[in-house]
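Working notes, beginning with the structure itself.
All values below come from the heavy atoms of this structure, side chains included, with hydrogens, waters and symmetry mates left out. These numbers come from a predicted model, not from an experiment.
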Amino acid sequence: MSANGKVKKPGLAGSSGDGEPDLAVFESQLITLQEQLVAVMIENQELQSKLREYDDTTSMQKLRLEIDIERKRYRELENRYSSLVTKSARDHQIYRQRTGSGTENISRPALEIAEDASKVAEKEEIENFNQRRQKFLPGAVDRMWTRLVRFSYETMDDFTEDMPGGKEEEQSDGDPLTVKTLKENINRFGIALKPYISTVKGVNNLLTWKSPSYTVLVFLIYMYTVWKGWFLPVVVIMLLARLFITYLQHHGFKIEFTYFDPGTESEKPEESLGISDKFNLVLQVARKVQNGLKGAADSLEKIKSLLTWRHQATRQLFFGLTFVFIMSCFVPSMHLLRLGGLMFGVKVFIINYFYNKYPRLQRKYDSAHKTWMSLPTDVEYQQECMKTELNKYVFVETREELDECSTEVISNQDKQFCELFSLPPAESPLSGWKGGRRCTLINKEKAFAAGFKNGKIYLTKSFVCFERKTSPSPKNIVIPLTDIVKFQKCKPYGLLPGNGMALEIVVTGNKTFVFGGILNRDEAYDHIVEIGLENMLPWATGETLSVQQEDIGASSTTLRKRNSGQKFRNFSLASEYNDSD
């Protein structure tokens, strides 16, 4: 009960009548739940790794038991074999004693006699084997033949394929995800990358004239070595000097002169991370990986555009290479390399310095930078192709009207619509069609349930668009008004009451689209016909197409199919639409 007699509603702690404190509490609780979820996932990964280790230990114990059993069996067989050899040798010795060949050894113990007899028998067998081998093959030839056979078998084994299902395939996933391993790998990667980063920073400081005297000295040395043709020997001498300095440092000499920082730094004591710190660490690594992959993918796609004639820079590159080829046929290569090295030095040491210091000069005169920035990625190239293809169907009275439409500010909803269908801003939905009108695409050839596709229909100055899904998909349809052959009201099913709530559109190629369930169907029909009358289209004025015009329309449709290819990935033109689910 409050002071004015009103009863407060029960709620969470910190609520004072408005929803902002409650929202803050909910957000804090959500953050704690996310942290707990991350902790549980990490613990799950650790438990799985421990379980795998336990399975490995149990399998190793079983293997050890089997090895011990096999060892016992081997010992038993060895004892039996030794007893048999001893018995045979003893019998042989007794036989020799009875025949009178070994009377001096009768006083020896039986075991010693048996051992001596076994040794004598082994020596006799070895001598007999050597004699037989020397009869057929000499010793050197035998060794060469053995090596040749062994080499041939090893070579045949090298060219045999490995059987699938080995240990490498079982362990292809690598180690499980743990915060400790992730942190260690990040630290290792940072330490290993530091020398290269320091080298890049040193080169950047050299080219940006951080130390003018040092940059002038390096520039003069570079230009002189290129002019004399000594650039490659100087580079090799620098690498040898660097390796020699590293050799001296490895043997205890304290040498401060270096142009490749080893990147050693004092080790910091490890700090235990909390759950929120672990979660933030994972997010930071994921963000860096995402941005790094994006930049690398953009660069690779730009190079692809440069080499596949997607930009006018490819023509300049072709003519430049042609000029260099013609010059190389008449001018010695050494002179060309000398000229190219001098131009490269002036560009890197002098021109780029002014470009970096004065950005206006770079934006105005740096053609290489402007060309690189203008090269399209795959997504940008697809959007340009779609816009170029769709601009053929746009009705524009004058160039001034197009410029006014391009400079007009549109809402976010219309902007999303234009991006979805790759239309210019002038083709935003007309008044009364903002946000679209709900309808159903009806296909009578399919079953009753599978023939209905819900969505929204839009009307622009030049197109009728059907959005079946919010995400880009070929299921979305763009119908140019110029491709429409017949437009009328219809009733898809005779059992339905009333005059029906559907519109039938027939496009070139005799493809029919029936949009049913449209509220205020008559108003929508009149509005579409009005747009057709403004552009004097035959299906709106009531004029019939001649056979020659129909043939021209069919041939133009076939030509557009050949030219478009796979340009339309987030929608389909009406003449190319294929409703195959």
Side-chain angles (χ1 to χ4, degrees), residues 386 389-395 420-423 427 436-437 439-469 472-493 500-518 521 524-525 528-529 531-532 535 537-581:
M386 288 188 290
E389 188 70 19
L390 291 176
N391 283 336
K392 301 176 182 179
Y393 303 98
V394 176
F395 297 111
L420 177 63
F421 292 99
S422 300
L423 297 176
E427 291 297 325
R437 297 191 179 189
C439 66
T440 301
L441 179 61
I442 301 174
N443 189 355
K444 296 182 180 180
E445 297 179 357
K446 291 188 176 183
F448 185 79
F452 293 93
K453 307 299 180 184
N454 296 325
K456 293 182 180 180
I457 189 171
Y458 298 85
L459 176 63
T460 67
K461 295 179 180 178
S462 307
F463 302 95
V464 174
C465 303
F466 174 73
E467 181 185 359
R468 180 177 164 184
K469 295 182 179 180
S473 171
K475 308 299 182 182
N476 300 330
I477 306 173
V478 174
I479 305 176
L481 297 180
T482 54
D483 282 355
I484 296 177
V485 177
K486 184 179 179 182
F487 178 66
Q488 63 181 358
K489 303 175 186 178
C490 70
K491 186 177 181 180
Y493 299 101
M501 301 171 62
L503 296 175
E504 181 180 359
I505 300 177
V506 181
V507 298
T508 54
N510 293 325
K511 286 192 175 182
T512 304
F513 297 91
V514 178
F515 300 98
I518 302 176
R521 190 270 310 268
Y525 174 81
I528 296 174
V529 172
I531 298 299
N535 295 282
L537 298 176
W539 56 267
T541 57
E543 299 178 359
T544 57
L545 292 175
S546 61
V547 177
Q548 183 179 3
Q549 290 176 343
E550 290 180 356
D551 294 338
I552 293 173
S555 62
S556 63
T557 303
T558 305
L559 182 60
R560 284 197 299 269
K561 286 182 180 180
R562 292 176 181 175
N563 292 335
S564 61
Q566 298 294 332
K567 295 177 183 178
F568 304 100
R569 291 188 178 182
N570 52 351
F571 61 88
S572 299
L573 284 174
S575 57
E576 302 176 3
Y577 179 74
N578 185 14
D579 189 9
S580 59
D581 290 339

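Between atom OG1 of residue Thr482 and atom NZ of residue Lys392 there is a gap of 11.5 Å, rounded to the nearest 0.5 Å. In this structure, Thr440 OG1 and Arg468 CZ are separated by 11.5 Å, a value rounded to the nearest 0.5 Å. How far OG1 of Thr460 is from CG of Leu423: 6.0 Å, rounded to the nearest 0.5 Å. Distance check, rounded to the nearest 0.5 Å: CG of Leu503 to CD of Gln488 gives 9.5 Å. Residue Ile477 holds its CD1 atom at 11.0 Å from NZ of Lys453, rounded to the nearest 0.5 Å. Within the model, atoms CZ of Phe463 and CG of Leu481 stand 8.0 Å from one another, a figure rounded to the nearest 0.5 Å.
Enclosure of atom NZ in Lys489 by more than 12 non-hydrogen atoms of other residues, nucleotides or ligands within 6.0 angstrom is indicated.
Nearest approach of Ala540 to Gly532, heavy atoms of both residues: CB-C, 3.6 Å. Minimum interatomic distance between Asn535 and Lys461 (heavy atoms only, all atoms of both residues): ND2-O, 4.1 Å. Scanning all heavy atoms of the two residues, the minimum distance from Pro480 to Val478 falls at CD-O, 3.4 Å. Between Leu537 and Phe395, the closest heavy-atom pair is CD2-CZ, 4.0 Å. When all heavy atoms are compared, the tightest approach of Lys456 to Cys439 is C-SG, 4.2 Å.
Two residues are said to be in side-chain contact when any heavy atoms from C-beta on lie closer than 4.5 Å; Asn476 and Phe466 fail this criterion.
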Could you go through Ile457 and Val464, starting from their C-alpha distance and side-chain angles, then the distance that decides it, and tell me whether this counts as side-chain contact (heavy atoms from CB on, under 4.5 Å)? CA-CA 7 Å; Ile457 189 171; Val464 174; 3.8 Å; yes

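Aromatic ring pairs are classed by plane angle as parallel below 30°, tilted from 30° to 60° and perpendicular above 60°; the pair Tyr525 and Phe487 is parallel.
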